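Given the structure is predicted, the values throughout are model-derived calculations rather than measurements.
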Amino acid sequence: MQETLFCLRVVHLLPYNMSDSNTTHFTNPSTFILLGIPGLEAAHVWISIPFCTMYVIAVFGNFTILFIVKVEPSLHGPMYYFLCMLAVTDLVLSTSTLPKMLSIFWFNSREIDFSACLTQMYFILISSVLESGILIAMALDRYVAICHPLRHSTTLTNAMVAKIGLAVLLRGIIVILPFPILARLWPYCRTNVIPQPYCAHIAVVSLACADTRVSSYYGLFVLFFVMGLDGIFIAVSYTQILRVIFILPTKDAWDKTLGTCGSHLFVILAFYIPSLIMSLMHRFAQNVPLHFHVLIGNVYLFMPPMLNPIIYGVRTKQIRDRLLRLFTHTGA
């Protein structure tokens with residue numbers, strides 16, 4: 001089904017009515033036209049302000065995380081290596097989409113090459129799978145550190161962290177690769193207009209003049225058997241972690257141990273809860289204007305890359321202290 005929602009942090013890939021688009025018939029286009037926020041074209045300059053702010057914060061925040069972990073020897077551990085992987089993933093997602101969005105908002109530069117469109121779509125989708133995999137790795141790190149503390153240093157060695165990171169990357173590449181391959185194989189003869197500010201998967205698929213149910217079915221497979229299993233694994237890990245925390249003898253030990261997991265829990269919530277909200281909106285808010293769906297979906301897509309470094313910067317004492325020392329030294 002063309003209107004099946006593929007939710008890899010891509011519940012924002014919303015279906016739309018083809019009758020509202022340009023219906024010129026042609027063979028495979030060399031370029032697509034990105035509309036930005038349909039219905040709000042006159043307000044594009046104003047809409048660009050929060051998105052530009054989010055991009056600047058995301059780039060600055062994630063590069064700051066990478067820099068601090070690199071220069072601070074005490075942060076050379078599994079938890080912070082996984083955090084660096086998360087920061088790189090967020091940078092890839094932001095940089096592969098937001099600059100083009102801003103060029104649409106500021107310069108009305110709506111054309112995007114067919115291959116570039118598929119590449120952008122691939123990076124959006126793989127970023128979601130990579131982030132989900134990294135969250136599993138971070139949950140595993142917290143589980144071993146809290147439930148089996150004596151084994152932590154021998155289990156999660158640098159070599160093991162590198163292998164986990166490579167496994168997460170290879171899984172993402174393999175799982176997402178069929179999407180752009182299928183999209184390239186289909187003929188396009190309806191329109192080359194995409195009512196989004198970037199190449200969303202379901203929006204591109206909806207332009208094909210072929211039976212694309214295989215893409216929808218594969219999207220559901222990835223949703224339930226990749227992202228769904230990731231969520232179950234994270235839930236099981238934290239169930240075990242909380243079970244151990246609640247039997248600690250003192251409140252200070254309880255607070256300290258729970259504090260080490262707090263940042264990760266906030267990041268998990270920032271990843272999964274908006275996805276649930278967007279899914280509910282899609283199911284039960286059918287009368288909401290398209291531009292509202294697109295706008296909220298875009299905010300959701302780019303919110304985690306901005307929030308993740310803020311969450312870890314504020315809630316992780318080692319990063320916060322190193323950052324304060326950096327600015328204090330600079331100010332002196």
Side-chain angles (χ1 to χ4, degrees), residues 9-24 29-64 87 89-125 127-128 191-204 206-207 270 274-275 277-278 281-282 285 287-310:
R9 193 208 289 163
V10 287
V11 285
H12 60 285
L13 305 182
L14 300 171
Y16 59 96
N17 189 341
M18 289 302 301
S19 64
D20 294 336
S21 301
N22 179 3
T23 56
T24 302
S30 59
T31 60
F32 285 117
I33 306 297
L34 300 172
L35 291 185
I37 311 295
L40 296 179
E41 288 85 356
H44 272 177
V45 173
W46 295 106
I47 294 173
S48 71
I49 296 175
F51 283 106
C52 182
T53 302
M54 292 167 67
Y55 181 53
V56 171
I57 294 174
V59 171
F60 177 76
N62 285 293
F63 270 118
T64 300
T89 302
D90 287 339
L91 286 170
V92 169
L93 173 62
S94 299
T95 305
S96 64
T97 49
L98 272 167
K100 179 58 180 178
M101 282 181 59
L102 294 176
S103 72
I104 296 171
F105 294 152
W106 290 341
F107 310 113
N108 202 31
S109 176
R110 299 184 176 188
E111 287 193 358
I112 183 170
D113 181 76
F114 180 70
S115 297
C117 184
L118 296 185
T119 301
Q120 186 186 69
M121 180 183 73
Y122 181 77
F123 279 121
I124 293 172
L125 297 178
S127 295
S128 300
T191 179
N192 66 337
V193 177
I194 299 176
Q196 295 268 7
Y198 53 85
C199 292
H201 172 255
I202 195 65
V204 174
S206 298
L207 304 182
S275 175
I277 294 173
M278 287 298 299
M281 281 183 57
H282 174 69
N287 295 326
V288 173
L290 174 62
H291 66 259
F292 182 80
H293 275 293
V294 174
L295 187 60
I296 297 301
N298 278 267
V299 171
Y300 162 58
L301 177 66
F302 302 117
M303 190 67 73
M306 179 189 71
L307 289 180
N308 290 345
I310 295 175

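- Interatomic distance, CD of Glu111 versus CG of Asn192, reported as 8.0 Å (0.5 Å rounding).
- Side chain of Glu41 to backbone of Gly39: a donor-acceptor contact under 3.5 angstrom is found.
- Distance check, rounded to the nearest 0.5 Å: CE of Met54 to CG of Leu307 gives 7.5 Å.
- No side-chain donor-acceptor contact under 3.5 Å links Thr95 to the backbone of Val92.
- For the atom pair NE2 of His201 and OH of Tyr122, the computed distance is 13.0 Å after rounding to the nearest 0.5 Å.
- Here the closest heavy-atom approach between residue Pro197 and residue Asn298 is recorded as CG-OD1, 3.2 Å.
- Residues Thr119 and Asp113 have side chains not in contact (no heavy-atom distance under 4.5 Å, counting atoms from C-beta outward).
- Listed here is the closest heavy atom pair of Val59 and Leu91: CA-CD2, 3.7 Å.
- In this structure, CZ on Phe32 lies 11.5 Å from CD on Gln120, to the nearest 0.5 angstrom.
- Contact of the Pro50 side chain with the Val299 side chain is not registered, since no non-hydrogen atoms from C-beta on lie closer than 4.5 Å.
- At least one side-chain heavy atom of Cys199 sits under 4.5 Å from a side-chain heavy atom of Ile112.
- Contact detail for Thr97 and Leu93: the closest heavy-atom pair is OG1-O, 2.7 Å.
- Counting only heavy atoms from C-beta outward, the side chains of Ile57 and Ile310 approach each other to under 4.5 Å.
- Looking at Asn62, its side chain does come within 3.5 Å of a backbone N or O of Pro305 through a donor-acceptor pair.
- Taking each heavy atom of Cys117 and Val204 in turn, the nearest pair found is SG-CG2, 4.0 Å.
- When side chains are defined from C-beta on, Cys52 counts as touching Trp106, because their heavy atoms get closer than 4.5 Å.
- Atom CG of Leu40 is separated from atom CG of Leu290 by 9.5 Å, given to the nearest 0.5 angstrom.
- Closest of all the heavy-atom pairs between Pro304 and Pro309 is O-CD, 4.4 Å.
- Scanning both residues, Leu207 and Ala203, for their nearest heavy atoms gives CG-O, 3.4 Å.
- By the 30° and 60° cut-offs, the orientation of the rings of Phe51 relative to Phe302 is perpendicular.
- The distance from atom CD1 of Ile47 to atom CE of Met101, rounded to the nearest 0.5 Å, is 9.0 Å.
- Although no hydrogens or angles enter the test, the distance criterion places a donor-acceptor pair under 3.5 Å between the side chain of Lys100 and the main chain of Ser109.
- Shown here is Phe105, whose CZ atom has more than 12 heavy atoms of other residues, nucleotides or ligands within 6.0 Å.
- The backbone N or O of Leu34 lies less than 3.5 Å from no partner atom in the side chain of Gln196, so there is not a single donor-acceptor pair.
- Side-chain atoms of His44 come within 3.5 Å of backbone N or O of Ile37 as a donor-acceptor pair.
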